[in-house]
Amino acid sequence: MHSAAWHARIACGDEVGAGFLVTGRRVLTCAHVVRCSDRSAVTVSFPNARELGELTASVVVHGGWAGAVTDPGDVAVLELDHDVPLAPAGFAPPQAAYTEPYPKLVAYGFPEGYDEGTLAEYQAVSGQLIAGEWLELVAWNGHGQPLVGGFSGAAATLPDGRVAGMVTAASDTPDVRKGRMLPLDVMARYWPALGELVPRPGHRHDTRGWLEGLLRRAAAESGRVCDPNRLYVDAVGAFGPPLPPGGFPSLGAAAAYVQGEVPDPEAVTRFAGRLRELLDGEAVLRSPAVPSARSVPSAPSAPAAPAAAPSAAPASGAPAWSPVVVEIDHSGAGPDQVTVEVSAYRDGRRRPVGARRLPRNAVRAYVQNRIDEAVAHLAPDADELVTFVLPREWLNEAVAQWECGADDSTPLGCAYPLVVTDRARHHSGRLRHQLRKKWQKLDAGGAVEVHRVECGTRERPPSLRKRLWDGEAGLAGFATPPTAARQHFEVGLNVPVPVLLWPRTGSGCPGHEDDGPCAGSPAGEPSCPGTAFLDQLTASVTGVPPAELPRHILSLRLTADAADEPDRHWARDLQLLWDDPRCFPETTASLHSPVA
């Protein structure tokens with residue numbers, strides 16, 4: 001049989017496309033070619049092996065293509081009823097499609113009138129992926145067969161016959177000689193088994209076998225939660241290829257991407273090492289490790305996993321929070337314009353995720369889209385802490401009530417430990433130094449007293465400052481929002497009190513003047529809302545170490561959200577300012593104004 005007999009013609013309903021044999025009975029094609037497979041038979045024929053006739057096939061893998069031309073995942077794997085006596089296609093290394101000078105690519109398609117097939121010659125425009133998915137193709141010369149209907153699913157082959165990708169889109173008219181193809185590494189996101197067929201120079205075979213065994217084990221141990229996005233970021237490091245838009249739908253897709261698209265061959269080893277640690281239930285990599293005997297039979301020959309980077313965890317008593325930081329500041333472009341920067345801290349370093357100048361009403365949507373991306377940059381075993389660094393007038397913003405996203409109505413404060421801090425304080429060298437010393441004392445001393453700032457207090461701000469200093473306050477509780485006790489709240493911000501708590505809504509006693517004392521309540525009646533809040537707060541946080549307060553407040557928010565009448569729960573609008581400089585070991589760069 002001719003070596004190119006693996007080219008296939010695919011028919012499904014009224015759709016005709018191409019495909020190529022990759023194993024004895026499996027054929028790759030586009031998902032849109034077999035879009036009607038639920039109601040129409042799929043048939044496969046091999047024009048260069050006509051004696052095989054038309055064979056029936058079923059769709060066994062679908063890349064998730066949603067139906068539009070620009071939707072990702074336009075990949076399908078067909079399985080024939082039996083093996084065919086043909087040599088499958090051979091594959092080029094993934095980088096062949098991206099390397100200049102871009103080679104000629106030949107596609108074997110089946111446009112109308114060419115049931116036996118015809119050839120088209122094209123080449124990539126650039127190594128730049130379109131939307132992280134496709135390579136753009138243009139005609140090799142101004143003559144010959146254009147890419148039109150019937151070429152979808154065709155193998156894009158190098159002059160030596162090796163496959164470098166698959167044609168997925170063609171021009172609507174013969175006069176426009178353009179198209180698109182999926183390179184092999186992108187296809188492997190949707191069918192990870194393709195990774196076993198594609199050569200990868202520099203990747204050791206024993207590492208690949210080790211990883212495949214771990215992936216099988218992860219699939220069998222379905223109770224284990226292994227985030228593929230975190231594992232990917234952990235494997236490629238700070239300077240590796242960024243997480244693809246939308247992340248990875250599965251561990252297999254992430255593993256295939258690491259093997260096929262990441263140039264550093266050690267990334268595969270790191271990915272496998274982190275996965276093994278998670279499957280074995282180990283929190284961190286304590287030393288160079290090899291897979292255990294129960295992971296993969298051939299484990300002793302597998303390469304060692306690298307040791308973890310030094311942790312930036314706070315010392316003694318403080319949890320090793322890994323912050324995701326949302327920093328907002330005035331842009332200088334007008335009162336409604338702000339700059340927003342989202343970043344993640346890992347291994348003691350800040351990793352920027354996105355920065356944008358936005359009108360105030362667009363901030364929430366931008367943050368919703370970036371927090372998930374930032375969390376993916378954290379180590380797989382990290383305790384995430386979402387921290388909003390806000391201008392002073394934003395400190396009472398209901399960020400804990402913002403929804404996680406357009407498709408997830410969970411409040412952010414019920415999805416993550418979430419805190420706010422004052423931007424001026426966050427960048428103050430004096431307060432950072434004093435707060436570090438305060439936290440060292442708090443770590444050693446356990447729980448702390450709540451220094452109460454009562455509703456309608458007549459305490460002069462200088463007196464409150466002295467009380468907080470003399471009492472070495474670790475936690476100050478305010479009975480009212482910042483707007484109802486502005487001067488006293490500013491005192492709390494400008495002294496090194498690590499934790500401030502207050503109700504985001506309400507104004508204390510009804511009817512009392514802003515500068516007057518709390519009127520209290522008649523005998524036998526409940527205390528005023530501000531006093532009641534402080535009583536509940538004091539009872540709730542007593543005995544809780546300050547370092548654990550973000551997690552404790554998360555629990556309170558979940559309880560309030562689940563109450564029969566959430567709006568009446570005392571902790572519904574609880575705002576937590578929690579400030580431990582040791583979680584931010586680098587000096588945080590100030591946001592710049594993009595105004596020219």
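Each residue takes its place number in the sequence, starting with 1.
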Spatial distance of atom CG (Leu395) from atom CZ (Arg392) [nearest 0.5 Å]: 7.5 Å
task: Sort and list the pairs that fulfil salt bridge (Lys or Arg N to Asp or Glu O under 4.0 Å) and have at least one residue in residues 393-404, not counting sequence neighbours.
output: Arg360-Glu397
Criterion side chain to side chain donor-acceptor pair (under 3.5 Å) on Arg364 and Gln368, from CA distance to verdict: CA-CA 6 Å; Arg364 181 186 302 200; Gln368 288 170 337; over 6 Å; no
message: Rounded to the nearest 0.5 Å, what separates atom CD in Gln401 from atom SG in Cys414?
response: 7.0 Å
task: Output the distance between atom NE2 (His426) and atom OG1 (Thr421), rounded to the nearest 0.5 Å.
output: 7.0 Å
query: NE2/His488 to CD/Glu454 distance, rounded to the nearest 0.5 angstrom?
result: 11.5 Å
statement: In this structure, CG of Leu418 is separated from CG of Leu576 (nearest 0.5 Å) by 8.5 Å
task: Give the C-alpha distance, both sets of side-chain angles, the deciding distance and a yes or no for side chain to side chain donor-acceptor pair (under 3.5 Å) between His427 and Glu327.
output: CA-CA 11 Å; His427 294 286; Glu327 186 164 358; 2.7 Å; yes
- prompt: Is any side-chain N of the basic residue among Glu459 and Arg467 closer than 4.0 Å to the acidic one's carboxylate O?
  reply: yes
message: Between Phe533 and Phe478, does the side chain to side chain contact (heavy atoms under 4.5 Å, CB included) criterion hold? Intermediate values first, please.
response: CA-CA 9 Å; Phe533 171 82; Phe478 292 80; over 6 Å; no
message: Using a 3.5 Å distance criterion without hydrogens, assess whether the side chain of Thr542 forms a donor-acceptor pair with backbone atoms of Thr538.
response: yes
task: Give the C-alpha distance, both sets of side-chain angles, the deciding distance and a yes or no for salt bridge (charged side-chain N to carboxylate O under 4.0 Å, His left out) between Glu565 and Arg572.
output: CA-CA 10 Å; Glu565 296 182 272; Arg572 170 68 173 181; over 6 Å; no
- prompt: So Val367 and Trp402, side chain to side chain contact (heavy atoms under 4.5 Å, CB included) or not? Walk me through it.
  reply: CA-CA 9 Å; Val367 169; Trp402 289 4; 4.2 Å; yes
- prompt: Can you tell me if Arg425 uses its side chain to pair, donor with acceptor, with the backbone of Leu493 under 3.5 Å?
  reply: yes
- request: Answer yes if the ring centres of Tyr232 and Phe271 are under 6.0 angstrom apart, and no otherwise.
  value: no
query: Do Phe584 and Trp321 pass the ring pair (Phe, Tyr, Trp, His ring centres under 6.0 Å) test, and can you show the C-alpha distance, the side-chain angles, and the key distance before you say yes or no?
result: CA-CA 10 Å; Phe584 309 93; Trp321 293 113; over 10 Å; no
Full working for side chain to side chain contact (heavy atoms under 4.5 Å, CB included) between Ser540 and Trp570: CA-CA 11 Å; Ser540 175; Trp570 74 272; 3.8 Å; yes
field: Residue among Val342, Val340, Val389 satisfying side chain to side chain contact (heavy atoms under 4.5 Å, CB included) with Ile328
entry: Val340
query: Is Arg357 paired with Asp329 through a side-chain N to carboxylate O contact shorter than 4.0 Å?
result: no
query: Out of Thr559, Asp561, Ile553, which residue meets the side chain to side chain contact (heavy atoms under 4.5 Å, CB included) rule with Arg557?
result: Ile553
task: Could you tell me the separation between the CG atom of Asp579 and the CG atom of Leu577, rounded to the nearest 0.5 Å?
output: 6.0 Å
Cationic N near anionic O, under 4.0 Å, Asp443 to Arg582: yes
